Each structure stands twice: as structure tokens, then as C-alpha cells.
Peer 1: 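Please see the structure below; I have some questions.
Letters go in sequence order (proteins before strands), and every chain restarts at 1. Computed from a prediction, not measured in an experiment: that's the story for all the values here. Quick note: numbers below take in every heavy atom, side chains included, and nothing from hydrogens, waters or symmetry partners.
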2 protein chains.
Amino acid sequence: MMVDLVHTGLAGQAVAVLRELVLTGEIAAGERVNEVGVAQRLGISRGPLREAIRHLASEGLLVLTPNRGAHVPVTDNDGVRALFELRSALESAAARLAAERRTDADLAAMKEASAASREAFATGEFPYRLDLAFHRTLLDAARSPLVAEQVRLAQQRVILLRATKEVAFSHERASLDDHDALIEAITAHDGDRAGQVMAAHLARVRDQLLTTS
Amino acid sequence: MMVDLVHTGLAGQAVAVLRELVLTGEIAAGERVNEVGVAQRLGISRGPLREAIRHLASEGLLVLTPNRGAHVPVTDNDGVRALFELRSALESAAARLAAERRTDADLAAMKEASAASREAFATGEFPYRLDLAFHRTLLDAARSPLVAEQVRLAQQRVILLRATKEVAFSHERASLDDHDALIEAITAHDGDRAGQVMAAHLARVRDQLLTTS
DNA sequence: ACACTGCCAACTGTCGACAGTTAACAACTT
DNA sequence: AAGTTGTTAACTGTCGACAGTTGGCAGTGT
């Protein structure tokens, strides 16, 4: 993710730009990505752009169809459930590892992130970014680079989900309590409980994203 | 994985061929992949080959260095541990899901795979392939396509590990017992226990792959 | 012998052009 | 009118050539 910024070439820049276009919903769900058009728009040739498209496809931000190019995926409720099964698998494990390995510094960072969230919530704002920040502190505490990377990719797909569904994501108070429960379990080095709390937390977030049609 | 075979283009074929070259160790660990050389060897141009290289890099089978190309990763003990943290996260969750969702047909398939492994073990052979076959039946029972896909990718990286380390991988009897314990827990719809057994099983396999130097 | 400097070969990064495929539309048939 | 077939425009897939970068090596000086 931030690793991509080290990609100094045109392809790397194209990845960054395209990712932003997709995640902000500027390219709508289902919309196709025209290689020549986007390449001209970015002022590069098709080669690097193709590379960028394939890269984002490998992250699940685009889907490829042979001879038909790439388009932003449209996700139904089953897709949402499948995605959260993946995210829950990864992030519950991360919570368990964090409970086993956390230092006091990790704990302090998590508490700080939680406090910032509560403060923002008190003033009526609880942006998605703060929730992600908390989850990131937990990832740091887990000290498992591969798991962390996959968590980030899964979280990114959730962001895309929100961008396409245009769901106003005001976190509920319950999420704040979940976070604190997480901190408690991790403080107590209780890996099992941390994993369970994380799974319950993500189930709650998932249900927010399921369309009730 | 098998999906790649549907990639009818040259790039798709190149992915299949290159993957085999890497997984069989024909391209050794640490060895660099020369774009022009391999492209000529495959009778294609650099474009599709580049695409294939980037694809395998996204699967973790190659690592890219700016302006220096791709090479087969060399993994130390820490890397092995990190990989198995990921695999354990994914596959323990798969076991939990399998315990919740398995049908009788799933159970039959798992028992059949286990029986085949025991039979082969009795004759002195317990190829890696049979172990993978068992794990695949479990994945099918979990009915979680995204988790299944990530599990396959992680397993593939373990295969690469074995290819590069040239470790003779004779499964231990303990693995057979683990499999049966897994079947028991899944039969009883005991998700927690299935997850725990899977984690213990993978820890055993991991320790086999750690170099004791 | 060692360190530094300036080449140089090999490679990756990028580009523009061509070939192949697809889906949509128009024309024709029944 | 509905279905079928031919045509075509827009796109992706592929290629060969050029530009840029890197690491090594010969050469020079100390």
C-alpha cells in the first residue's frame, strides 16, 4: 500500500492515481476502464497503465474480463458476506496475535486511537478514518507483516464497497465499545477473547453494509 | 489457480508455465528472471511475459526490485513463521466455517481423502499432494470462496518453500492423526475445536520446515 | 594494494503501431 | 415483427524498437 509509493516508475504512479479514482468512487461501480482513454488522461502510454490495471485487479479493486478489459466490481450481499469472512479470518487472528505480543507502547497507541474516536464521536463526527487508525494500531501490535498486508487489502475492499454503495458510514456507539473490549482483552493477554470480540465487531460492521432490500 | 488456465491469452499461458518453473525449483531460489531470455524461451514477446511476472509477484512467488527485475524469494526462518501465521489465520477460519457448514457429502469426501492418505502412508509413501487434497476437501466444505482463494495462495507459497529448501517432505504420522481429529471436530459441528486443531496441525508442519541450524 | 573515477554492457522501463477479438448495429429473410 | 446474418467500430492483445537506469569493470592515481 504505502509500498506502492516506492514504485518510482510511471506504472507505480498510475497505480496510485487509479487506486484513488476507484476508492473515491470517481469511477463508479460497474464502470469499465478504457485503456486508451485513461492512458491519455494520465499522459502515459498503455503499457504502464495496463500494468497498473492488472495490479489493482490482483488487489480485488478491479475485475478483468478477457478481451473486454477491466471494470469496478459490483458486490451483492453474498459478496459482502464472503469479504467479511475473509476479513474476519485475518483480523481475528491479528487480534489474537496482538494479545500475545503487545507491548505497553502498543497498548498506549491503541488507547490513544480509541480516545480520539470517542472524542470525535462526542462532537458528532466519527469518520471511517479514525476506525481504520485504531485497527492499524492493533495490526502493528500483532507484528505479523504478511497478515497485516492481507488485512490492509481486505480493508481496502471494504472501503471500495462503501464508495460504491454510497452508504453514509456513521459508526455506531457499539463499535466504540467493541474497541474498548478489544483493548481490555489485549491488555489481559487473552488471545481467545480478543479474537472473539474482533469477530463480533466485524459482524456488526458487516451487517451495516448489507442492503436490507 | 485453475482459473488461470481460462486465461486464453499468451500472458495466461506464460503465467502457467512460469508458475511451474518456479514451483518445481527449475528456477532456483534467489535466481533472477531475465525478461528477454525467458520471453525468447517461451516464444513470446516481453509484454505478456512482464504481465505474467507481475502476476506471480502479486502471488508472492516472485519479488520485484525496481530496475532490477524479478527473482525467486529466499525465505529465512522468520519468513517461514510469518507465512504460517498467515496460513494459520486463513485455514483455521476455514476449518471453523467447515465445521459450521459441512454437509454429509463434504464429510464423506474428507474421510475418503484421509483414508487415501493412510493407505499411502502404510505403503511408505505420503506425498505432499495427498495432504493438499485433504485440505482442499476441507476448503470445499467451508464454502467461502475468498478465504479459499487466499488459502490456496498461501499453500502455494509453502510449496515454493519446500521446492527451494529441497526438504524431503515425508509427512509424519502425527499429521494423519491431526486430519482425523479435524474430521471429528467438523463432524461434531465444533467450530472452535476445529480451528484449534488446525492451528496445532499447521504449527507442526511449520516446525518441520524450520531449519535447525 | 587500495580507493576513486569514468566508461560500458545488460537489463528494465516505456512507447507507438499492428493484429485479433468482441459486441452492437444494420440489413436481409421469413 | 421476430429472428438471422453480415458488417463495422471500438476495444484489448501483442509486438518490436527506443530510452533510461543500474551494477560491474577497466583504468588511473595515490
Peer 1: In whole angstroms, how far is the P atom of dT14(D) from the CG atom of L42(B)?
Peer 2: 13 Å
Peer 1: Identify which nucleotide among dC15(D), dT12(C), dT12(D) has an atom closest to any side-chain atom of I44(B), counting heavy atoms from C-beta outward.
Peer 2: dC15(D)
Peer 1: Would R41(B) and E35(B) pass as an ion pair if we require N to O under 4.0 Å?
Peer 2: no
Peer 1: How are the rings of F134(A) and H179(A) set to each other: parallel, tilted or perpendicular (split at 30° and 60°)?
Peer 2: parallel
Peer 1: Name the closest nucleotide to the L10(A) side chain, picking from dG16(D), dT14(C), dT12(D).
Peer 2: dT14(C)
Peer 1: Would you say the side chain of R68(A) and the base of dG13(D) hold a donor-acceptor pair, judged only by whether the two atoms sit under 3.5 Å apart?
Peer 2: no
Peer 1: Counting side-chain heavy atoms from C-beta on, which of dG16(C), dT14(D), dG13(C) comes nearest to P48(B)?
Peer 2: dT14(D)
Peer 1: Can you see if the side chain of R54(B) gets near the phosphate of dG13(C) - specifically, an N or O under 4.0 Å from OP1 or OP2?
Peer 2: yes
Peer 1: Between atom CD1 in I53(A) and atom P in dG13(D), what is the gap in whole Å?
Peer 2: 9 Å
Peer 1: Take the protein atom CD of Q13(B) and the nucleotide atom P of dG13(D), then report the distance between them rounded to whole Å.
Peer 2: 14 Å
Peer 1: Provide, to the nearest angstrom, the distance between the CD atom belonging to E35(B) and the P atom belonging to dT14(C).
Peer 2: 11 Å
Peer 1: Toward the 5' end of DNA chain C, which comes first, V36(B) or S45(A), by nearest nucleotide?
Peer 2: V36(B)
Peer 1: Between E112(B) and R136(B), does any side-chain N to carboxylate O distance fall below 4.0 Å?
Peer 2: no
Peer 1: Would you say the ring centroid of H55(B) lies under 6.0 angstrom from that of H55(A)?
Peer 2: no
Peer 1: From dT22(C), dT14(C), dT22(D), pick the nucleotide closest to the side chain of N67(B)?
Peer 2: dT22(D)
Peer 1: Just checking G47(A): base, sugar-phosphate only, or nothing, at a heavy-atom cut-off of under 4.0 Å?
Peer 2: nothing
Peer 1: When you check the gap from the basic side-chain N to the acidic O, do E59(A) and R19(A) get nearer than 4.0 Å?
Peer 2: yes
Peer 1: Of the nucleotides dC11(C), dC11(D), dT14(D), which has the atom closest to the N34(A) side chain?
Peer 2: dC11(D)
Peer 1: Could you tell me how far apart L49(B) (CG) and dT12(C) (P) are, to the nearest whole angstrom?
Peer 2: 9 Å
Peer 1: Rounded to whole Å, how long is the line connecting atom CZ of R32(B) with atom C1' of dC11(C)?
Peer 2: 7 Å
Peer 1: Round to a whole Å and report the spacing from CD of Q40(B) to C1' of dT14(D).
Peer 2: 16 Å
Peer 1: Specify the separation, in whole Å, of atom CZ of R46(A) and atom C1' of dG13(D).
Peer 2: 7 Å
